[in-house]
Amino acid sequence: MNFIEELQWRGMIHDMTPGLTEQLENEMTTAYVGIDPTADSLHIGHLVSVMMLKHFQVCGHRPIVLIGGATGMIGDPSGKSKERNLLDEQTLQQNQESIKNQLSKFLDFNQNKPNGALMVNNYDWMKEYSFLQFIRDIGKHITVNYMMAKDSVKTRLSAESKEGMSFTEFSYQLVQGTDFLVLFQQHNCKLQMGGSDQWGNIITGTELIRRKLGHDAKAFALTCPLITKADGGKFGKTEEGNIWLDPAKTSPYSFYQFWLNTSDEDAISYIKIFTLLQKEEIDQLIENHRKAPHQRELQKVLAREITIMIHSKEEYELAVDASEILFGKGTTDTLKRLKEDVLLNIFEGVPQSNVSSNDIYKSIPIVDFLTDFTKISSSKREAREFLRNGAISINKERVGEDYMIGENDLLQNRYILAQRGKKNYYLIICDY
RNA sequence: GGGGAGAUACCAGAGUGGUCAAAUGGGGCAGACUGUAAAUCUGUUGGCGAAGCCUUCGGAGGUUCGAAUCCUCCUCCCCCCA
């Protein structure tokens with residue numbers, strides 16, 4: 001199966017420029033996607049682009065990851081991203097390194113192979129670019145009329161928009177177009193991929209290449225649909241914020257839980273996008289899923305595949321064990337029987353806090369326990385509200401407003417498992 | 001430079017001297033139902049306490065017994081004209 005067919009059945013193609021299929025058949029092609037180095041870790045919002053590159057490389061082509069050191073400090077006018085701050089060079093460097101590290105789980109950066117992946121940073125060529133040089137080299141070739149026709153710009157200029165647009169944001173497409181031009185010239189990179197919101201920016205790039213280098217210079221665009229949720233919410237966000245690939249930022253347990261909680265509808269599209277499972281297997285899974293959605297087989301496979309891919313088999317198994325205990329038929333009794341190392345392993349991913357043994361032996365009113373001693377609730381008023389609603393459990397047993405935390409609540413003489421609602425767990429460790 | 005319209009809680013948005021910790025909607029959180037779903041229904045959504053009190057309506061002053069609301073200055077944002 002070739003690259004386009006592969007993406008096609010996975011539902012990962014939103015739009016592409018004509019002639020791309022032929023181009024990919026004719027020669028090994030180089031393509032890039034851009035990633036903003038705003039943090040030292042990727043989050044799952046980046047995953048689609050990365051998977052596109054993965055498939056691209058698997059199909060024998062050469063992927064480039066462009067770190068948007070320069071573009072990342074501008075932000076495009078689509079409005080979802082605010083104009084950003086300049087990152088200092090050192091931070092940029094560090095972020096780039098950690099990101100590359102994460103990417104090597106997906107992409108083969110071995111330069112000895114003809115299609116070994118490459119990482120570049122547009123800051124490297126943009127930082128020296130003088131303004132005058134830029135408007136002469138680049139600005140000359142693209143008319144303002146052309147730039148204003150882009151949706152992202154049009155919306156911001158329309159009467160309904162309450163926000164004006166700075167010149168900086170307006171120029172964004174030129175800066176991104178320049179990237180494409182540079183990569184085209186330096187690395188023979190003929191394709192830019194990205195989310196469908198990037199279509200306009202990518203096309204400015206192909207246009208710039210054509211106008212500047214002539215009709216023989218042919219560059220292509222391919223976009224994938226933006227990942228959505230059936231309920232209209234934002235993909236990849238939780239209460240705590242982003243789902244990161246870095247286990248220090250999002251524990252493998254939380255990571256696993258995130259995918260496991262995918263809705264029935266979303267799971268069908270996600271399994272195609274985020275796993276490398278083959279078509280036959282996925283078709284089978286989806287069919288079973290439709291027959292018996294309550295088994296949540298699809299969600300389980302989805303969570304398994306991605307957790308193993310990002311973390312490891314071991315981490316995955318621990319996450320399953322933990323989920324089993326927390327959400328299975330686990331009772332206070334099974335909890336009490338857990339050995340200390342098992343308990344600690346399982347709860348590695350849940351938020352922890354420490355309380356001194358003195359306080360425990362003196363007994364702590366539950367309201368204070370929830371607010372002052374742990375961060376389970378942010379105020380006493382809220383704590384009472386939770387308790388009144390029956391949202392709080394200690395060691396799997398629901399407690400009320402008058403409950404006192406004491407030594408009897410300690411598991412293994414050291415631990416307390418607190419729970420807010422069904423899904424939020426906290427481990428409290430008693431210090432001696 | 002001129003004219004106009006604004007800035008209210010997480011967001012949108014009402015409120016134009018006391019009854020306002022501030023309508024309504026969305027979002028969030030929780031409960032019931034369930035499959036750790038979806039939909040639905042219910043509760044809740046500034047802080048501390050038992051009543052009550054304390055801090056909030058862009059910022060700083062002022063008028064008043066009393067201000068989100070009136071006045072002055074400042075900051076920011078949008079639209080139109082030059």
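This is a predicted model, so every value here is computed, not measured.
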Neighbours of RNA chain B within residues 261-274 of chain A, by heavy-atom distance under 4.0 Å: A:N261, A:S263, A:D264

Please work out which residues in residues 294-320 of chain A have a non-hydrogen atom less than 4.0 Å from an atom of RNA chain B and list them by number. A:H294, A:R296, A:Q299

Do side-chain atoms of [X] reach the backbone of [Y] as a donor and acceptor pair under 3.5 angstrom?
X: A:R296; Y: A:T262; value: no
X: A:Q278; Y: A:L276; value: yes
X: A:T143; Y: A:Y146; value: yes

For nucleotides 80-82 of chain B, list the nitrogen or oxygen atoms of the protein found under 3.5 Å from its nitrogen or oxygen atoms, one pair per line.
none

How do A:L260 and A:G421 order along RNA chain B: which one's closest nucleotide is nearer the 5' end? A:G421

Tell me which of A:I392 and A:Q257 sits closer to the 5' end of RNA chain B, going by the nucleotide each one is nearest to. A:I392

Could you tell me which residues satisfy side chain to side chain donor-acceptor pair (under 3.5 Å) with [X], sequence neighbours excluded, listed by chain and number?
X: A:K291; answer: A:E287
X: A:E305; answer: none
X: A:S251; answer: A:S254

What is the distance from [atom1] of [X] to [atom2] of [N], rounded to the nearest Å?
X: A:M165; N: B:C77; atom1: CE; atom2: P; answer: 16 Å
X: A:N288; N: B:G35; atom1: CG; atom2: C1'; answer: 16 Å
X: A:L387; N: B:U44; atom1: CG; atom2: P; answer: 16 Å
X: A:N389; N: B:A30; atom1: CG; atom2: P; answer: 10 Å
X: A:R398; N: B:A30; atom1: CZ; atom2: C1'; answer: 10 Å
X: A:K291; N: B:G35; atom1: NZ; atom2: C1'; answer: 19 Å
X: A:K423; N: B:U34; atom1: NZ; atom2: P; answer: 16 Å
X: A:Q419; N: B:U36; atom1: CD; atom2: P; answer: 13 Å

Report all interatomic pairs (protein N or O, nucleotide N or O of nucleotides 45-48 of chain B) with separations under 3.5 Å.
unit_1, atom_1, unit_2, atom_2, d
B:G47, OP1, A:S379, OG, 3.1
B:G47, OP2, A:R381, NE, 2.8
B:C48, OP1, A:K380, N, 2.9
B:C48, OP2, A:S379, OG, 3.3
B:C48, OP2, A:K380, N, 3.4
B:C48, OP2, A:R381, N, 3.3

I'd like the [atom1] distance from [M] over to [N], given in whole Å.
N: B:G58; M: B:G6; atom1: C1'; answer: 11 Å
N: B:C71; M: B:U16; atom1: C1'; answer: 14 Å
N: B:A21; M: B:G31; atom1: C1'; answer: 25 Å
N: B:C41; M: B:U19; atom1: C1'; answer: 32 Å
N: B:A67; M: B:C77; atom1: P; answer: 31 Å
N: B:A23; M: B:C11; atom1: P; answer: 16 Å
N: B:G46; M: B:A9; atom1: P; answer: 13 Å
N: B:A38; M: B:A12; atom1: P; answer: 26 Å

With both distances under 3.5 Å as the test, what is the Watson-Crick or G-U wobble partner of [N]?
N: B:C53; result: B:G47
N: B:A5; result: none
N: B:A39; result: none

Could you check which of B:C29, B:U34, B:A32 has an atom nearest any side-chain atom of A:K422? B:U34

Phosphate contact (B:C29 OP1 or OP2) by A:N424 side-chain N/O below 4.0 Å: no

Can you find a side chain N or O atom of A:R420 that sits less than 4.0 Å from OP1 or OP2 on B:C29? no

Report the residues that fulfil side chain to side chain contact (heavy atoms under 4.5 Å, CB included) with A:D40, sequence neighbours left out, ordered by chain and then residue number. A:N95, A:S98, A:K249

If we check side-chain contact (heavy atoms from CB on, under 4.5 Å) with A:L222, which of these qualifies: A:I4, A:T17, A:D15? A:I4

With sequence neighbours excluded, tell me which residues meet salt bridge (charged side-chain N to carboxylate O under 4.0 Å, His left out) with [X].
X: A:K212; value: none
X: A:K375; value: none
X: A:R398; value: none
X: A:K279; value: A:D283

Geometric class of the A:F373/A:F369 ring pair [parallel <30°, tilted 30-60°, perpendicular >60°]: parallel

Check the orientation of A:H61 and A:F3. Use parallel for under 30°, tilted for 30 to 60°, and perpendicular for over 60°. perpendicular

Pair A:T307-A:E315, side-chain donor/acceptor within less than 3.5 Å: no

Under a 4.0 Å N-O cut-off, is there an ion pair linking A:R210 with A:E207? yes

